[in-house]
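Both ligands and their constituent atoms are indexed starting at 1 by order of listing.
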Amino acid sequence: MATVNMIPLFVCMMRNNYVGKAVGVPFNTWNLYHRWAGRIVALESFAHMGAWTVNQVDHSNWAGVGVAIKGSLFFQMGLMAEIALFFLIFLSLSPLRHAHYQIFLATHQLCIAFFLVGAWLHCHIDELPHEKFVNIAIGIWAFERLHRLVTIYRKNVRLGKGWSLNSAEVKVAPAGEDAVRVSITMKKGWEFKPGQHAYLYVPRLSWTQSHPFSIAWSTTTPSLAEVQMQPLEVSSTTSLAHRNLLTSKPRTTIHFVISRRHGFTGRLYREAYKAAHSTDPEKVDIAPKRFLAFVEGPYCNEAHSFDSFSSLLFVAGGSGITHPLGYIRHLLVASSEGLVAARRIKLAWVVRNSRNISWVSDWLEELWRLDARRGMLEVEIYVTRPCSQYDTDMSGGPRVKWFAGRPQMEVILAGMLAPTRMRGGRGALAVNVCGPGSLADNVRAAVRERVDEARIEFSEESFTWS
Ligand SMILES: Cc1cc2nc3c(=O)[nH]c(=O)nc-3n(C[C@H](O)[C@H](O)[C@H](O)COP(=O)(O)OP(=O)(O)OC[C@H]3O[C@@H](n4cnc5c(N)ncnc54)[C@H](O)[C@@H]3O)c2cc1C
């Protein structure tokens with residue numbers, strides 16, 4: 001049974017979850033299944049070893065157990081797999097996993113290697129029929145790794161007369177904001193969809209680590225607007241520019257906002273900050289720095305579509321703003337073409353200080369521009385740690401409302417539901433939250449209170465699966 005269950009165990013752990021894509025179940029859920037499948041495999045293996053040990057002790061005491069293991073590679077490999085499995089379970093315990101995620105990841109992969117070698121040889125030496133299940137699990141793992149390598153190659157390397165790689169432009173946001181903006185112009189096409197995230201590799205910072213980040217925004221050059229704005233005069237320099245624009249392949253730039261944590265993101269921030277300050281120590285608005293970087297993706301939470309909701313409330317905390325921006329842009333564009341039901345969109349963003357708006361201010365302006373005619377979008381910014389030095393300039397657009405302190409989710413939700421009720425309760429409300437756990441808990445609690453009053457769908461992006 002343990003060898004059979006290795007198959008779902010491996011299927012559930014993959015970044016490219018082929019089954020997940022087919023059935024529209026998000027990665028977080030598969031990750032949960034992966035953990036439980038792992039526990040089941042471990043319990044079954046320990047039961048298998050326990051049964052053999054009891055039998056052996058019964059037959060020839062504990063000394064017989066030692067003799068059997070010493071004299072047989074078959075038993076040694078079985079024991080190696082069991083020990084690796086024990087460490088896999090122990091090192092995956094939540095407090096250890098959360099304390100040092102990278103150490104967890106490295107030891108997890110090492111233990112998996114020992115477990116697979118042990119389990120395979122254990123079955124192979126005695127020609128056990130279970131070997132085929134281990135082979136399938138290894139095959140799934142190897143295939144998915146290959147798929148990932150091919151994806152990285154396809155998205156980041158361009159072969160032609162010469163060959164070139166991606167490089168990321170890393171910009172540090174103004175001092176005290178603790179976030180960097182990373183922009184990567186892709187060598188190959190990238191069809192941006194809301195809810196996508198991608199893994200970022202920056203070899204200068206680490207050759208082994210890759211970290212997931214939501215794609216906050218995407219821009220394409222030349223844009224359709226740029227092409228249309230070029231006059232169509234024959235034999236002039238502008239017509240040459242027009243031809244160049246028409247013939248040049250559109251290039252997509254994807255943008256991330258990455259807040260500083262302790263590991264990779266901390267180093268990224270420090271590198272960008274150092275580079276910026278060495279360029280011009282006097283300058284506050286900081287120069288970009290280029291790194292070689294690779295992107296793996298896109299990965300997407302297939303389950304989320306907000307197209308059929310008439311009212312939408314997006315709540316974001318800190319860098320969680322990266323998640324709703326793409327959805328809001330999509331809804332505004334699609335709404336102008338009559339393709340979605342959205343009539344009212346509210347973004348409530350909780351930030352530490354008002355200058356954090358600079359992370360995304362140009363994208364907010366773009367949203368206002370898209371919404372100019374319809375006036376569907378409202379933005380509320382909640383500043384939890386107002387600081388007089390920074391928080392004097394609370395701009396951000398004509399329809400941004402500023403508040404000091406944390407949002408009262410019950411009040412916001414009541415405000416969203418009132419017009420829906422006035423329309424005869426026909427519209428459904430989508431509530432999506434992306435931010436720290438405490439913020440998500442507050443939003444969930446407020447939704448639960450009102451879930452009987454209207455059609456509300458709650459969804460959450462936690463930026464973690466560890
Ligand atoms: C789908 C998704 C989208 C995300 N989008 C954004 C975003 O747009 N902006 C942003 O600032 N952050 C985002 N994050 C969070 C970001 O991935 C982590 O903050 C980052 O990996 C931390 O790296 P670190 O080495 O500095 O972390 P550490 O300080 O070492 O660890 C902090 C925590 O980050 C998590 N973490 C660390 N490494 C990884 C990893 N390789 N994979 C998954 N989680 C990890 C762990 O929970 C860990 O406890 C996203 C996370 C996910 C899962």
Can you tell me which portion of [X] lies within the under-4.0 Å heavy-atom range of ligand 1? Options are side chain, backbone, both, or neither.
X	value
Gln102	side chain
His197	side chain
Thr265	both
Phe463	both

Any carboxylate oxygen within less than 4.0 angstrom of a Lys/Arg side-chain nitrogen, looking at [X] and [Y]?
X	Y	value
Glu366	Arg329	no
Arg444	Asp441	yes
Glu378	Arg344	yes

Heavy-atom contact check, 4.0 Å cutoff: does Phe256 meet ligand 1?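 No.
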
So is Ala179 close enough to ligand 1, meaning a heavy atom under 4.0 angstrom away? no

[X] neighbourhood, listing ligand 1 atoms whose heavy-atom distance to it stays under 4.0 Å:
X	answer
His98	49 (O)
Ser210	41 (N)
Thr322	7 (C), 8 (O)
Thr464	47 (O), 53 (C)
Ile258	11 (O)
His262	26 (O), 29 (O)

Contact (N/O only, under 3.5 Å) between [X] and ligand 1:
X	result
Val257	yes
Gln209	no
Pro212	yes
His211	yes

Is it true that, when you exclude [X] itself, more than 12 heavy atoms of the residues, nucleotides or ligands shown sit nearer than 6.0 Å to its [atom1]?
X	atom1	result
Glu191	CD	no
Phe114	CZ	no
Arg448	CZ	no
Phe46	CZ	yes

Derivation and outcome, side chain to side chain donor-acceptor pair (under 3.5 Å), residues Arg148 and Ser210: CA-CA 12 Å; Arg148 279 173 51 189; Ser210 65; 4.9 Å; no

Kindly indicate whether the side chain of Ile412, heavy atoms from C-beta on, has any atom under 4.5 Å from the side chain of Glu380. yes

Does any part of the side chain of Tyr201, heavy atoms only, come nearer than 4.5 Å to the side chain of Asn156, both counted from C-beta?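 A side-chain contact is absent here, since even the closest heavy-atom pair is not under 4.5 Å.
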
Minimum distance, heavy atoms only, to atom 34 (O) of ligand 1: which one of Arg261, Arg260, Gln196, Arg267 is it?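 It is Arg261 whose heavy atom sits nearest to atom 34 (O) of ligand 1.
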
For atom 28 (P) of ligand 1, which of Gly263, Gly318, Gly320 has the closest heavy atom?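 It is Gly263 that holds the nearest heavy atom.
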
Name of the residue among Phe309, Phe458, Phe306 meeting ring pair (Phe, Tyr, Trp, His ring centres under 6.0 Å) with Phe314: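 When Phe309, Phe458, Phe306 are each tested with Phe314, the ring pair (Phe, Tyr, Trp, His ring centres under 6.0 Å) holds only for Phe306.
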
